[in-house]
Amino acid sequence: MGRNGSHEEEKWEGIGRVYSSSPSLLFLLILLFLLPIPPFLLPSLLLNPFIPPPLPLPSDDPPDYNNARKAHLSLPQPLHLRVSFVDRDDRTSSLRLEQGNPPLNIPTRESRQSNFCTNGKPLLFHLFADDITTRDRSDVTIYYDECGMLTFTGCLEGSSCYCSTRLAVSKLLCLGARAKVAKKEEIVLEDMCFENSTASIRGYLVTNLESGMPYAIKVFIKTSTSTSTGYYSLPHDDIGSPTLCVEPQQMLVGDELTVQWALNRVSENDKIALYSLYGESSIKYEYNTKAETSGFVKMKAPDTPGVYELRYYPGWLDSQNTVYRHSRHVAVATFEATAW
């Protein structure tokens, strides 16, 4: 009993020494017993004197970790990695990894045809520029909408920023007259200009300064890694659309045909090329050597039966960075050559 009693006394003396060495803790314990404090405030009351206040979290959007996990375009896909481990006893072990980027969801001529040309009419013009840092594509599409109006639609970096406007003939004629007075062959189309932090699209109206008639739309797309320029020839007859026709439209193989043209802007480098229908390689071609705004040339039909088309390529487009063949020729005429 004596030994146990002395042990208890030492225990309480130790607690007293702790209390006496910590006045603030003793004071808090007294307050807990004397004051009616709600239970939910106890943790805050006890911890606040000892724990600093939490730091505020940033309010910005979280980073895009999906792009950070993608492999660079210069690396093969899927990317195979092997990590080998060797210990001090020359024992080896390896880990094989496979990384694959998600498929690119970028607009193409075919997808724009499906999205915009719901009336069954073909897409008239498509130009794009890629950004390899963001793996996005900015593009411009010109087509006829459901009401039959010539429409320009531009998209920056995939689908994040759209701009769509109708190209009214009356407005284009007014801008053409203004360009003639200002003696500027190219004037900015404000409705076709927009940009964001990484890309921009600008549209220009190209006008014949002698007649004041607009005949083409120039489109310029710029991203952080590339640029593209394309020209679309305006199709409306009342603003001087280029024309190309062939006579006769049906003939025997090897027969002679006559090709006629009428354009606002010509040069000695203009050529009329013969293709199979929708073909990629020309069969033959002739030049507009006299740079005549209207004229004709004689050609012979191919020796193989089929449907063919003639395309007029202006020389002033040869130096431009155009993507599709449809962006370079300004007029087309078709004919059929038969065996009998």
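All of these numbers come straight from a predicted model, not from anything done at the bench.
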**Q.** Candidate pair Arg112 and Asp139, rule salt bridge (charged side-chain N to carboxylate O under 4.0 Å, His left out), full reasoning
**A.** CA-CA 10 Å; Arg112 292 310 191 197; Asp139 71 319; 2.7 Å; yes

(Q) Is it the case that over 12 heavy atoms from other parts of the model lie below 6.0 angstrom from the OH atom of Tyr285? (A) no

Q | CG-CG distance between Leu234 and Leu205, expressed to the nearest 0.5 angstrom | A | 6.5 Å

Q) Is the count of non-hydrogen atoms from other residues, nucleotides or ligands lying under 6.0 Å from Lys284 atom NZ greater than 12? A) yes

Q: Please work out which of the three classes, parallel, tilted or perpendicular, describes the rings of Tyr143 and Phe116, given edges at 30° and 60°.
A: parallel

(Q) According to a hydrophobic-cluster definition based on side-chain heavy atoms being under 4.5 Å apart (Ile, Leu, Val, Met, Phe, Trp, Tyr only), do Leu150 and Ile201 belong together? (A) yes

(Q) Rounded at 0.5 Å granularity, tell me how far CD in Glu292 sits from CG in Asp270. (A) 11.5 Å

Q: Go through the steps to decide whether Val219 and Arg202 satisfy the test side chain to side chain contact (heavy atoms under 4.5 Å, CB included), and finish with yes or no.
A: CA-CA 6 Å; Val219 179; Arg202 298 186 67 83; over 6 Å; no

**Q.** Side-chain heavy atoms of Ser164 within contact of Thr151, under 4.5 Å
**A.** yes

Q: Show your working on side chain to side chain contact (heavy atoms under 4.5 Å, CB included) between Lys171 and Asp191 and close with a plain yes or no.
A: CA-CA 11 Å; Lys171 182 177 181 178; Asp191 295 340; 2.4 Å; yes

Q | Interatomic distance, Asn288 atom CG to Lys271 atom NZ [nearest 0.5 angstrom] | A | 13.5 Å

Q | Hydrophobic cluster membership, Tyr204 vs Tyr215, 4.5 Å side-chain cutoff | A | no

Q.
Quick test of your reading of the model: are Arg137 and Asp131 salt-bridged, counting only N-O distances below 4.0 Å?
A. no

Q) What's the spacing between Asn115 CG and Cys155 SG if we round to 0.5 Å? A) 10.0 Å

Q. Is there a donor in the side chain of Thr334 and an acceptor in the side chain of Gln249, or the other way round, less than 3.5 Å apart?
A. no

Q: To the nearest 0.5 Å, tell me how far Asp136 CG sits from Ile106 CD1.
A: 9.0 Å

Q | Non-hydrogen side-chain atoms of Lys300 and Asp255 separated by less than 4.5 Å | A | no

Q. Hey, is the main chain of Asp130 close enough, under 3.5 Å, to the side chain of Thr225 for a donor-acceptor pair?
A. yes

Q. Less than 4.5 Å apart, any side-chain heavy atom of Ser94 and any of Val83?
A. no

Q | Lys298 and Thr258: side chain donor to acceptor below 3.5 Å | A | yes

Q | CA sep, side-chain torsions, deciding dist, call: Leu189, Ile187, side chain to side chain contact (heavy atoms under 4.5 Å, CB included) | A | CA-CA 7 Å; Leu189 293 171; Ile187 59 173; 5.6 Å; no

Q | Hydrophobic cluster membership, Met149 vs Ile142, 4.5 Å side-chain cutoff | A | no

Q. Between Pro302 and Leu274, what is the shortest heavy-atom contact and its length?
A. CG-CD2, 3.7 Å

Q) Should the ring pair Phe335 and Tyr308 be called parallel, tilted or perpendicular, given that the plane angle runs from 0 to 90° and is split at 30 and 60? A) parallel

Q) Of all heavy-atom pairs between Arg311 and Gly279, which one has the smallest distance, and what is that distance? A) NH2-O, 2.8 Å

Q.
Using every non-hydrogen atom in the two residues, find where Trp261 and Val297 come nearest and quote the distance to one decimal.
A. CZ3-N, 3.9 Å

Q) In terms of ring plane angle, is the pair His126 and Phe128 parallel, tilted or perpendicular, where the classes change at 30° and 60°? A) tilted

Q: Go through Met299 and Glu286 one step at a time and tell me if the side chain to side chain contact (heavy atoms under 4.5 Å, CB included) criterion holds.
A: CA-CA 8 Å; Met299 299 180 70; Glu286 296 287 344; 3.9 Å; yes

Q: Look at atom CD of Glu146 and say whether more than 12 heavy atoms of other residues, nucleotides or ligands are closer to it than 6.0 Å.
A: no

Q: Identify the heavy atoms of Gln113 and Leu123 that sit nearest to each other, and give their distance.
A: OE1-N, 2.8 Å

Q | Same apolar cluster (I L V M F W Y, side chains within < 4.5 Å links), Leu172/Leu209 | A | no

**Q.** Heavy-atom closest pair, residues Leu310 and Leu244
**A.** O-CD2, 3.4 Å

Q: Any chance you could measure Thr207, atom OG1, to Glu186, atom CD, to the nearest 0.5 Å?
A: 9.0 Å

Q) Does the side chain of Gln77 pick up a donor-acceptor pair with the side chain of Gln99 at under 3.5 Å? A) yes

Q | Derivation and outcome, side-chain hydrogen bond (donor to acceptor under 3.5 Å, both in side chains), residues Tyr313 and Asn269 | A | CA-CA 9 Å; Tyr313 286 89; Asn269 296 325; over 6 Å; no

Q) Between Leu257 and Val259, is any pair of side-chain heavy atoms under 4.5 Å apart? A) yes

Q | Pi-cation contact, Phe152 with Arg166 (under 6.0 Å, within 45°) | A | no

Q) Is the shortest heavy-atom distance from the side chain of Glu185 to the side chain of Asn208 under 4.5 Å? A) no

**Q.** Option from Leu252, Val253, Thr338 for which side-chain contact (heavy atoms from CB on, under 4.5 Å) with Pro305 holds
**A.** Val253

Q) Do you see a donor-acceptor pair shorter than 3.5 Å between the side chains of Thr223 and Ser226? A) yes

Q. Got a salt bridge between Arg91 and Asp89, using NZ or NE/NH1/NH2 to carboxylate O under 4.0 Å?
A. yes

Q) Any link between Leu124 and Val332 through a network of hydrophobic side chains (Ile, Leu, Val, Met, Phe, Trp, Tyr) touching at under 4.5 Å? A) no

Q) Quick check: does any side chain N or O of Ser111 sit under 3.5 Å from a backbone N or O of Thr108, one acting as donor and the other as acceptor? A) yes

Q. Which heavy-atom pair separates Tyr231 from Phe125 by the least distance, and what is that distance?
A. O-CE1, 3.6 Å

